[in-house]
Amino acid sequence: MESGFALLNSGFFTKAEVYPGSLGTFRYRFKREGWTGSGKIQAWVYENTSFELAKDIETETFDWTEEGVAALRDWLDRKLRERGTEPYRIPYPPADRNG
């Protein structure tokens, strides 16, 4: 199975300082600091809500190198397998059928 994160390389992180994203209901966020080759990339994964409201957050920091980004892809693939994903949905509370 091909990685859902195969597009990530060290050049990807030059596009923005903070990058939120999702694969279905699997939510992630990246933040870069410093410069390619010497900087760091912090990654978070969390439940299907906004980052600000998330309670089940896991984070890891990686070197901003091709090797570090490869480790980031591996970590994201592992977290995706552990947490799973479903087609995207907005997590509204159930409708009140009596009202």
Side-chain angles (χ1 to χ4, degrees):
M1 180 170 104
E2 184 176 325
S3 169
F5 303 98
L7 64 104
L8 297 180
N9 59 39
S10 63
F12 175 88
F13 296 98
T14 62
K15 297 176 184 182
E17 185 176 335
V18 175
Y19 182 89
S22 64
L23 287 176
T25 57
F26 179 78
R27 306 294 293 262
Y28 56 89
R29 180 182 180 107
F30 307 127
K31 181 174 188 227
R32 67 167 166 84
E33 295 180 359
W35 302 99
T36 305
S38 62
K40 301 285 184 189
I41 301 167
Q42 186 170 9
W44 295 266
V45 296
Y46 51 98
E47 71 269 24
N48 186 32
T49 189
S50 69
F51 182 71
E52 293 76 16
L53 296 176
K55 293 184 173 118
D56 182 14
I57 301 172
E58 296 178 74
T59 187
E60 193 75 37
T61 302
F62 301 88
D63 291 332
W64 190 1
T65 61
E66 288 301 333
E67 295 81 13
V69 174
L72 168 60
R73 284 192 306 265
D74 291 343
W75 183 77
L76 288 167
D77 283 332
R78 188 172 73 250
K79 293 298 163 189
L80 179 58
R81 283 191 307 273
E82 289 172 6
R83 288 175 170 255
T85 189
E86 298 173 11
Y88 178 75
R89 62 179 165 58
I90 297 173
Y92 290 119
D96 182 4
R97 300 199 185 267
N98 296 324

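- Between atom CZ of residue Phe12 and atom CG of residue Leu72 there is a gap of 9.5 Å, rounded to the nearest 0.5 Å.
- Looking at residues two or more places apart in sequence or on another chain, you find a side chain to side chain donor-acceptor pair (under 3.5 Å) between Gln42 and Thr59.
- Under the side chain to side chain contact (heavy atoms under 4.5 Å, CB included) criterion, Ser38 pairs with Trp35, sequence neighbours left out.
- Sorted by first then second residue, the salt bridge (Lys or Arg N to Asp or Glu O under 4.0 Å) pairs that include residues 28-38, not counting sequence neighbours, are Lys31-Glu33.
- When side chains are defined from C-beta on, Phe13 does not count as touching Thr36, because their heavy atoms never get closer than 4.5 Å.
- The two residues Phe30 and Ala43 have their closest heavy-atom pair at CD2-CB, 3.9 Å.
- Partners of Glu58 according to the side chain to side chain donor-acceptor pair (under 3.5 Å) rule, which considers only residues two or more places apart in sequence or in another chain, are Lys79, Arg83.
- Under the ring pair (Phe, Tyr, Trp, His ring centres under 6.0 Å) criterion, Phe26 pairs with no residue at all, not counting sequence neighbours.
- Counting Ile, Leu, Val, Met, Phe, Trp and Tyr side chains that sit under 4.5 Å apart, directly or through other members, Trp44 shares a hydrophobic cluster with Tyr46, Phe51, Ile57.
- The hydrophobic side chain of Val18 is isolated, with no ILVMFWY side chain under 4.5 Å apart from it.
- Although no hydrogens or angles enter the test, the distance criterion places no donor-acceptor pair under 3.5 Å between the side chain of Glu86 and the main chain of Thr25.
- When side chains are defined from C-beta on, Leu8 counts as touching Leu76, because their heavy atoms get closer than 4.5 Å.
- In this structure Arg27 satisfies the side chain to side chain donor-acceptor pair (under 3.5 Å) test together with Asn48, sequence neighbours excluded.
- Residues satisfying the side chain to side chain contact (heavy atoms under 4.5 Å, CB included) criterion with Leu53, sequence neighbours excluded, are Thr49, Ser50.
- Listed by chain and number, the residues in a side chain to side chain contact (heavy atoms under 4.5 Å, CB included) with Glu60 are Phe62, Trp75 (sequence neighbours excluded).
- Residue pairs meeting the side-chain hydrogen bond (donor to acceptor under 3.5 Å, both in side chains) criterion with at least one partner in residues 9-22, sequence neighbours excluded, are Ser10-Glu66.
- Every residue two or more places apart in sequence or in another chain was checked for a side chain to side chain donor-acceptor pair (under 3.5 Å) with Asp74, and none qualifies.
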